[in-house]
Amino acid sequence: MAKREEENTITLLGNQNTKYADNYAPEVLETFLNKHPDNDYFVKFNCPEFTSLCPITGQPDFANIIISYVPAQKMVESKSLKLYLFSFRNHGDFHEDCVNIIMKDLIRLMEPKYIEVWGKFTPRGGISIDPYCNYGMPGTKWEEVARDRLFHHDMYPERVDNR
């Protein structure tokens with residue numbers, strides 16, 4: 001029964017008639033069941049071609065969006081995540097808003113044990129902005145992990161070669 005439920009929730013993977021949303025579309029996100037909910041492990045997505053629009057000037061903003069999460073019962077399907085991130089292409093919001101919106105949408109979707117979203121935006125006007133946000137499930141060890149990672153997330157910044 002669980003396998004059939006899982007298969008019915010994924011409609012985009014393998015679909016040759018994929019439609020790309022032209023504005024913010026959280027409804028495209030899909031999940032599947034985590035086959036290892038008792039294991040704590042990270043799943044990491046790297047989206048080096050993220051784009052959104054400045055809400056003031058309408059100019060494009062480019063970023064590498066990194067999403068890391070520890071799944072509980074559900075996991076996000078990667079093609080739906082790609083389509084969701086693509087839907088920001090014509091969406092106007094500040095960098096900080098984009099990463100928080102992404103995180104909150106994924107929390108609502110999956111209810112993960114832990115999640116973090118880091119946006120590494122390319123410079124415009126001589127400055128880059130790298131907003132970071134995270135969440136740990138309240139009342140669990142992941143709440144403390146989130147606090148610790150927030151306090152220390154950028155103590156040893158990596159070298160960024162794509163900007």
Side-chain angles (χ1 to χ4, degrees), residues 2 6-7 9-15 18 20-21 24-52 60-89 91 93-123 128-163:
E6 180 179 324
E7 290 171 350
T9 61
I10 297 176
T11 64
L12 297 170
L13 188 61
N15 183 338
T18 299
Y20 286 84
Y24 172 67
E27 65 275 5
V28 303
L29 288 166
E30 296 183 343
T31 63
F32 62 95
L33 295 176
N34 178 9
K35 293 181 181 178
H36 310 280
D38 296 332
N39 294 356
D40 289 339
Y41 61 98
F42 272 93
V43 176
K44 187 173 189 177
F45 293 101
N46 185 22
C47 179
E49 298 176 348
F50 179 85
T51 60
S52 61
D61 291 315
F62 302 91
N64 183 13
I65 300 290
I66 298 115
I67 301 166
S68 296
Y69 74 99
V70 177
Q73 300 299 316
K74 296 181 202 173
M75 301 177 73
V76 66
E77 192 279 315
S78 62
K79 183 175 181 181
S80 76
L81 180 63
K82 176 182 80 168
L83 294 172
Y84 166 73
L85 293 173
F86 181 88
S87 80
F88 279 82
R89 182 173 299 278
H91 179 74
D93 245 328
F94 291 114
H95 305 338
E96 299 85 353
D97 296 320
C98 288
V99 298
N100 277 280
I101 289 167
I102 292 166
M103 183 183 74
K104 289 176 181 179
D105 284 344
L106 291 173
I107 290 169
R108 275 191 294 278
L109 179 76
M110 299 184 295
E111 299 176 359
K113 296 175 186 177
Y114 174 82
I115 189 167
E116 60 188 28
V117 180
W118 200 339
K120 297 175 182 285
F121 286 80
T122 56
S128 63
I129 301 173
D130 294 351
Y132 171 90
C133 58
N134 73 2
Y135 160 88
M137 188 178 284
T140 71
K141 65 183 176 185
W142 296 103
E143 186 174 28
E144 182 59 35
V145 169
R147 185 173 15 260
D148 185 61
R149 292 203 35 125
L150 181 64
F151 292 162
H152 300 101
H153 84 279
D154 207 12
M155 291 200 52
Y156 305 101
E158 76 287 354
R159 181 175 171 187
V160 179
D161 292 327
N162 66 343
R163 49 184 180 161

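For the numbers below, each heavy atom of this structure counts, side chains included, while hydrogens, waters and symmetry mates do not. If you're wondering where the values come from, they're calculated on a predicted model, not measured in any experiment.
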Evaluate the side chain to side chain contact (heavy atoms under 4.5 Å, CB included) criterion for residues F50 and I102: first the C-alpha distance (whole Å), next the side-chain angles of each, then the deciding distance (0.1 Å), finally the verdict. CA-CA 12 Å; F50 179 85; I102 292 166; 4.1 Å; yes
I129 and E96: side chain to side chain contact (heavy atoms under 4.5 Å, CB included), yes or no, with the steps? CA-CA 8 Å; I129 301 173; E96 299 85 353; 3.7 Å; yes
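E49 CD to L85 CG: the interatomic distance, rounded to the nearest 0.5 Å, is 11.5 Å. Note that CG of D105 and CZ of R108 are 4.5 Å apart. Values are rounded to the nearest 0.5 Å. In this structure, L106 CG and I115 CD1 are separated by 4.5 Å, a value rounded to the nearest 0.5 Å. Note that the OG atom of S80 and the CG atom of L109 stand 7.0 Å from one another [nearest 0.5 Å]. The distance from atom CH2 of W142 to atom CG of D40, rounded to the nearest 0.5 Å, is 4.5 Å. Here the straight-line distance linking atom SG of C47 with atom NZ of K82 works out to 10.0 Å at 0.5 Å rounding.
Using a 4.5 Å cut-off on side-chain heavy atoms (C-beta onward), F94 and S52 make no contact. The side-chain heavy atoms of C133 and V99, taken from C-beta on, include a pair separated by under 4.5 Å. Between V117 and I66 the shortest side-chain heavy-atom distance does not fall below 4.5 Å. Under the 4.5 Å side-chain criterion, counting only non-hydrogen atoms from C-beta, I67 is not in contact with V76. Counting heavy atoms from C-beta outward, Y24 and I101 have side chains that approach closer than 4.5 Å.
Using modelled atom types, no side-chain atom of N34 and backbone atom of M75 make a donor-acceptor pair closer than 3.5 Å.
For F121 and F62, the ring centers are positioned 6.0 Å apart or more.
Nearest heavy-atom pair, P71 versus K113, reported as atom, atom and distance to 0.1 Å: O-CE, 3.4 Å. Minimum interatomic distance between F88 and C98 (heavy atoms only, all atoms of both residues): CD2-SG, 4.1 Å. Between A146 and G136, the closest heavy-atom pair is CB-N, 3.4 Å. Residues P138 and Y135 come closest through the heavy atom pair CD-OH, 3.2 Å. Taking both residues in full, the closest heavy atoms of S78 and F45 are given as CB-CE2, 3.8 Å, listed atom of the first, atom of the second, then distance.
A perpendicular orientation is assigned to the rings of Y132 and W118, their planes being inclined by more than 60° (bins at 30° and 60°).
With a 6.0 Å radius and a threshold of 12 heavy atoms from other residues, nucleotides or ligands, E27 has its CD atom above the threshold. For CD of E111, the number of neighbouring non-hydrogen atoms (other residues, nucleotides, ligands) closer than 6.0 Å is 12 at most.
Each of M103, K44, R149 was scored for a side-chain contact (heavy atoms from CB on, under 4.5 Å) with E116, with one residue passing: R149.
By the 4.0 Å N-to-carboxylate-O rule, E144 lies close enough to R147 to be salt-bridged with it.
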